Asks: 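Right, I'll just put the structure down here and ask away after.
First listed ligand is number 1; within each ligand, the first listed atom is number 1. Predicted, not measured: the structure shown is a model, and the values here were computed from it.
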Amino acid sequence: MSTHSSKMVDVSPVAVPHAEASSSGGGEPAGPRRSWVEVDLGAIAANTRAFVELVQPAQVMAVVKADGYGHGAVEVARVALEAGARYLAVATTSEGVALRSAGIDAPILVLGVGGAAEPLDRLVEAGLSATVTTEQAARRLDAAARSRGRRVRVHLKVDTGMGRLGVLPDQAAWLAGRVASLPAVELEGVYSHLATADDPDLSYVAIQAARFREAVASVERELGTRAPRLRHLANTAGALSSSDLRWDMVRIGLGLYGYYPAPHLQDRVALRPALRLMAAVSEVRTLPAGSGVSYGRTHVTTRQTTIATLPIGYADGYTRRLSNRGRAAIGGRVYPVVGRICMDQCMVETGDDAPPVGAVACLLGPGDQGEMTVDEAARLTGTIPYEIVTQLGPRLPRVYMRR
Ligand SMILES: *Cc1c(COP(=O)(O)O)cnc(C)c1O
């Protein structure tokens, strides 16, 4: 799944990690890395443990879709399992197969449904658990499993008001009956997804929760002792907002990586952002007053000043909407990103300071060195932390460490 190279290195916060000539993927040449994503697996472990404690006796399903929200699915999955997560979730069969190929044998739920295009044979062979929303899909899974002499675990998804995927609540018991009658299918779970759990007003969450309760009860009446053992409803926001939503398992994505779905949920649990976006200064010049910086001359120097160029741009996911708004921490000081962010590069103005070529800049991080946080970048650019981290591109190697 990862197209970027990755390896575990022991780095101090300012050391430039070196890619090895043998590092796989990413297209990154051997030698000093120019820009990279640093992932603190200690933070992932601590965040996982915080949720495990908060929601027990419910279990934690670690959501590692989209390459672990840009952090690297395999590494995050391993650490989350070590820290007490009991189940993994991905968006697609391919993402699940990639985890299996890396030797991960924990249960893995595929959250998405691919219709006729879903490679069910691969799903079955990899021993993944499938989301089922129709009888037809359940039959195809059953056939794929039987022809291989295997069984497949499925979770029935009920649409209680997200309007995206799932059987409607009044048909849940009927579908559960159909699914449970298929010989190679094990109906292990029933679940739904909340649309507004990050909203301080929980009235729509209450409506969805009531629909889910009724759907679960109808499934349990229909199946008796064969009823699914894992009932789950909450994402990160749901798990934080109310203990009533936790059922047997919670599906935690954003929180694992150290972000809160909304400011009002910050007091429920202490989380540490795991990610830093880093770049090593590639060029440093003193420019006279009146010099334009970058496309469109949206920044013009007002005095003689130092401009440091960083080899990272919007093609790496450092969004152009942070032009003239971003900031970077270099050597314990904080400088503004000036001018437009280019595809592969951007500039910071360091004034009378002249950081050496190779000095390491932190453009996004927990904020402990004054760098911009992911939350702040999301706010400034009209999006959510999910989008900021998942946009960080495959050209950036992921470098793993534990603080
Ligand atoms: C992505 C996803 C989650 C995780 O959501 P977070 O807000 O990141 O915790 C949970 N459930 C489903 C169905 C999802 O698609």
Asks: Is the contact between Arg251 and ligand 1 made by the side chain, the backbone, both, or neither, using heavy atoms and a 4.0 Å cut-off?
Replies: both
Asks: Taking everything shown except Tyr295 itself, do over 12 heavy atoms lie less than 6.0 Å from its OH?
Replies: no
Asks: Could you identify the single nearest non-hydrogen protein atom to atom 15 (O) of ligand 1 and state the distance to 0.1 Å?
Replies: Lys65 NZ, 2.7 Å
Asks: Only pairs at least two apart or in different chains count here, so list each ring pair (Phe, Tyr, Trp, His ring centres under 6.0 Å) that has a residue in residues 216-240.
Replies: His155-His232, Tyr191-His232
Asks: Would you say Gly253 has any N or O atom under 3.5 Å from an N or O of ligand 1, going by distance alone?
Replies: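 Yes - when backbone and side-chain N and O of Gly253 are compared with those of ligand 1, one distance drops under 3.5 Å.
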Asks: Looking at every heavy atom in both Ile341 and Gly313, which two are closest together, and how far apart are they?
Replies: CG2-CA, 4.0 Å
Asks: Does atom CZ (Arg140) have a neighbourhood of more than 12 heavy atoms from anything else shown, all under 6.0 Å?
Replies: yes
Asks: Scan Arg272, Arg276, Arg402 and name whichever one has a salt bridge (charged side-chain N to carboxylate O under 4.0 Å, His left out) with Asp40.
Replies: Arg272
Asks: Out of curiosity, is Arg164 lining ligand 1, as in a heavy atom under 4.0 Å away?
Replies: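 True for this residue.
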Asks: Among protein heavy atoms, which lies nearest atom 9 (O) of ligand 1, and at what distance?
Replies: Thr236 OG1, 2.5 Å
Asks: Pairs of nitrogen or oxygen atoms closer than 3.5 Å, one from Gly255 and one from ligand 1: do any exist?
Replies: no
Asks: Identify, by atom number and element, the atoms of ligand 1 in contact range of Leu254, meaning under 4.0 Å from any of its heavy atoms.
Replies: 6 (P), 8 (O), 9 (O)
Asks: At under 4.0 Å between heavy atoms, which part of Leu111 makes contact with ligand 1: side chain, backbone, both or neither?
Replies: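 It is the side chain that touches ligand 1; the backbone stays farther off.
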Asks: Side chain to side chain donor-acceptor pair (under 3.5 Å) with Arg148: which residues, sequence neighbours excluded?
Replies: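 Applying side chain to side chain donor-acceptor pair (under 3.5 Å) to Arg148 gives Glu125.
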Asks: For residues Ala377 and Leu364, report the shortest heavy-atom separation together with the two atoms involved.
Replies: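 So the two residues come closest at CB-CD2, 3.8 Å.
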Asks: For atom 13 (C) of ligand 1, what's the nearest protein heavy-atom neighbour? Residue, atom name and distance, please.
Replies: His193 ND1, 3.7 Å
Asks: If you measure from atom 7 (O) of ligand 1 to every heavy atom of Tyr191, Tyr386, Tyr69, which option wins on shortest distance?
Replies: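 It is Tyr386 that holds the nearest heavy atom.
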